[in-house]
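To find a chain, count down the sequence lines: A is the first, B the second, and so on, and within it residues start at 1. Keep in mind that what you see is a predicted model, and the values were worked out from it rather than measured.
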Protein chains: 2
Amino acid sequence: MKYSSPSAGRRPGRPLSFDREAALNAAMLLFWRHGYEATSLSELTAAMRVTPPSLYAAFGDKKQLFLEAVRRYLSGPVTAQQLIDDADTAKAAAWSLLAGSAIAFTGETTPPGCLLATGAISCSAAARDVQVELARMRGAIQDRLRDRIAGAIDMGELPCDAEPDALAGHVMAVIQGLSTLARDGASRDTLLGIARMAMAAWPPELIRNGG
Amino acid sequence: MKYSSPSAGRRPGRPLSFDREAALNAAMLLFWRHGYEATSLSELTAAMRVTPPSLYAAFGDKKQLFLEAVRRYLSGPVTAQQLIDDADTAKAAAWSLLAGSAIAFTGETTPPGCLLATGAISCSAAARDVQVELARMRGAIQDRLRDRIAGAIDMGELPCDAEPDALAGHVMAVIQGLSTLARDGASRDTLLGIARMAMAAWPPELIRNGG
DNA sequence: ACATTTTCATATTGATCACTATGAAATCTG
DNA sequence: CAGATTTCATAGTGATCAATATGAAAATGT
């Protein structure tokens, strides 16, 4: 441990000359645009306004910096888990994810597409663990959505013959595709149209008698 | 031009010591697995059984080799254009593309996923032209599918309120997602289930009176 | 055999990669 | 101020990147 944790018994010493959060944010934006392997350390240090030794002291190495950037990306402003849990119905949760993705992937102040979707798709054998970790994160979101759908079927909110795995997988597949289309230059309206079309694959919600 | 074209007036000289098609195939498989930038020339020359000077003489440079590998990938055994044109209906064309993708992305003798979908998604600024070229190829397939759908509407095969852009975009988005899911380890059956689910977004085909 | 042409194998190019060794600068404690 | 501690800036580490310079090897034509 080269750096002391900020809250723990801070020994004296030269103070940090950069804002860790701002630096991490700059790294996130670079990774978002170019992905893990295609983003070089020289680009990172330039954008983060941090020298290489400081970067390594503060974040470990490139791999840890990337994963921390992804965690930051996934934790704000709204998380997928929030969208799934807060929706009134499973179908509404799917729509939240799709529409939220369409909007987030076409922000005016952020790179097009999705860091989680396209940050480490094609990479060398040396980056395989990063690839696997991102796949795990995607799988976690998909599992949450699938569980929400399965619960909706149990509650009589969706038909008994609805398929939670295929429904959740389809939503995640479309989100992946939206990221690529956004990167290719598709507009927000185009993506929202596709998201709306994807929802047409869902079975109708069953009307539950109040009470 | 360091290499003479094989058919043109072949001057005498030392013959090629490698099968150009086999070498290109080996390069395609490597690019398929790791993408454009993450595949190094040393990996390529090793897999292709070709020395660097021979590779450059035969294929130009890494960028041209990659694009030639992608063209080879797209030209066999069945092309997207064939699938679209040979289908009985626009809806059948969409199903052919989706099911064909699910099967092609989970071949036992090929890398998982799709070279066109994931070969150059995230890359450095230096590879932007490759990224754009692949986006153009994806767009060409999407345009063909859209035109087929628009024609189907004109023929009364699909309802007048069907949306060719959103339908075609949705199919392409799902295909992109299938590629990522395949890379993440999803089975062929899982992908086919998602493909089937995606087709549920389509409007019913109108029954045409025999004529 | 000899000249010509083409490709091959070896070794290497400058550039860039992720990463770090070294020592000065900046803070706190006493 | 002096000593301890931590971070900073400079400069460079060996490794690997895509791409080539050089000259020998292998074919044909005369």
Q: Starting from the C-alpha separation in whole Å, work towards a yes-or-no answer on side chain to side chain contact (heavy atoms under 4.5 Å, CB included) for A:Leu65 and A:Phe31.
A: CA-CA 10 Å; A:Leu65 172 61; A:Phe31 281 131; 4.0 Å; yes
Q | A:Arg14, nearest nucleotide to its side chain (from D:dA11, C:dC8, D:dT6) | A | D:dT6
Q.
Under the ring-ring contact (aromatic ring centres under 6.0 Å, His included) test against B:Phe66, which residue among B:Tyr73, B:Trp32, B:Tyr36 passes?
A. B:Tyr36
When the side chains of residues 140-149 of chain A are checked against the rest of the protein, which donor-acceptor pairs come out under 3.5 Å, sequence neighbours left out?
from     : atom 1 : to      : atom 2 : distance (Å)
A:Arg148 : NE     : A:Ile84 : O      : 3.1
A:Arg148 : NH2    : A:Ala87 : O      : 2.3

Q) Can you pull the salt bridge (charged side-chain N to carboxylate O under 4.0 Å, His left out) pairs that have at least one residue in residues 171-188 of chain B, sequence neighbours excluded? A) A:Arg138-B:Asp184
**Q.** Contacts of type side-chain hydrogen bond (donor to acceptor under 3.5 Å, both in side chains), residue A:Ser40, not counting sequence neighbours
**A.** A:Ser42, A:Glu43
Q: Starting from the 5' end of DNA chain C, give me the residue, A:Pro52 or A:Glu43, whose nearest nucleotide shows up first.
A: A:Glu43
Q.
With heavy-atom distances below 4.5 Å as the criterion, would you say the side chains of B:Leu44 and B:Leu30 are in contact?
A. yes
Q. Side chains of A:Pro203 and A:Leu167: does their closest heavy-atom pair fall under 4.5 Å?
A. yes
Q.
Quick check on contacts: within residues 32-41 of chain A, what sits under 4.0 Å from DNA chain C by heavy-atom distance?
A. A:Thr39, A:Ser40, A:Leu41
Q: Consider the side chain of A:Tyr56, meaning its heavy atoms from C-beta on, and name the nucleotide among C:dA26, C:dC8, C:dC19 that approaches it most closely.
A: C:dC19
Q: Report the distance from atom CZ of A:Arg20 to atom P of D:dC8, rounded to the nearest whole Å.
A: 12 Å
Q: Give the intermediate values and the outcome of side chain to side chain contact (heavy atoms under 4.5 Å, CB included) for residues A:Ile194 and A:Leu178.
A: CA-CA 8 Å; A:Ile194 293 172; A:Leu178 292 182; 3.9 Å; yes
Q. To the nearest Å, how far apart are A:Leu55 CG and D:dT7 P?
A. 14 Å
Q.
I'd like to check B:Met137 versus B:Glu133 (side-chain heavy atoms, cut-off strictly below 4.5 Å). Are they in contact?
A. yes
(Q) I want to check one thing: is the phosphate of C:dC8, taken as OP1 and OP2, less than 4.0 Å away from some side-chain N or O of B:Ser17? (A) yes
Q: Could you tell me whether the phosphate oxygens of C:dC8, OP1 or OP2, come under 4.0 Å of any side-chain nitrogen or oxygen in B:Thr51?
A: no
Q.
Measuring from the side chain of A:Pro53 (C-beta onward, heavy atoms only), which nucleotide among C:dT10, D:dT10, D:dA26 has the closest atom?
A. D:dT10
Q.
Can you measure B:Leu16 atom CG to C:dA9 atom P for me and round it to whole angstrom units?
A. 11 Å
(Q) What is the separation between atom CG on A:Leu44 and atom P on C:dT16, rounded to the nearest whole Å? (A) 16 Å
**Q.** Near-strand residues of residues 119-136 of chain B, defined as heavy-atom separation under 4.0 angstrom from DNA chain C
**A.** none
(Q) I'd like to know if B:Glu21 pairs up with B:Arg72 as an ion pair, taking the criterion as any Lys NZ or Arg NE/NH1/NH2 lying under 4.0 Å from an Asp or Glu carboxylate oxygen. (A) yes
**Q.** Close residues, residues 59-72 of chain A, relative to DNA chain C [heavy-atom separation under 4.0 Å]
**A.** A:Asp61, A:Lys62
Q | Out of C:dC17, D:dT7, C:dC8, whichever nucleotide has its closest atom nearest the side chain of A:Ser42 | A | C:dC17
Q. Do the side chain of A:Glu157 and the main chain of A:Ala90 share a donor and acceptor less than 3.5 angstrom apart?
A. yes
